[in-house]
S.K.: 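Provided herewith is a single structure, encoded as structure tokens, for subsequent inquiry.
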Amino acid sequence: MSTRLYVGNLSYNTTKETLREAFAQGGREVTDAHVVTDRETGRSRGFGFVTLASSETETAALRWPSAARIDVSARRCSESEERAPRGGGG
């Protein structure tokens, strides 16, 4: 079963490739990596999501020190939560 993780405090220079490489260290199988970008500038908004192949690799990733660095920026990592439903527009 795959697990999706939220990754915050990313550098504005972080790409999905560097995010994938950082989490693939130690033999983890990364099935998807996504860095959220600003619509107007295309620049990273400083957070993203990583999907790991199994929950065992999730545990190892969450134990990865919070001060671990990706592109020189300290990051934080937690299990992703489902988005709450929103009401319709006006």
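Values in this document were obtained by computation on a predicted structure and should not be read as measured data.
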S.K.: Which atom pair, heavy atoms only, marks the closest approach of Val30 to Ala24?
M.R.: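 Answer, listing the atom of Val30 first, then Ala24: CG2-N, 3.8 Å.
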S.K.: Please say which of Thr14, Val35, Leu19 ends up in a side chain to side chain contact (heavy atoms under 4.5 Å, CB included) with Val7.
M.R.: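 Answer after filtering Thr14, Val35, Leu19: Leu19.
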S.K.: Table please: side-chain donor-acceptor pairs of residues 38-52 below 3.5 Å, with sequence neighbours left out.
M.R.:
{"residue": "Asp38", "atom": "OD1", "partner": "Glu40", "partner atom": "N", "Å": "2.9"}
{"residue": "Asp38", "atom": "OD1", "partner": "Thr41", "partner atom": "N", "Å": "2.9"}
{"residue": "Asp38", "atom": "OD1", "partner": "Thr41", "partner atom": "OG1", "Å": "3.3"}
{"residue": "Thr41", "atom": "OG1", "partner": "Arg43", "partner atom": "N", "Å": "3.2"}
{"residue": "Ser44", "atom": "OG", "partner": "Gly46", "partner atom": "N", "Å": "3.0"}

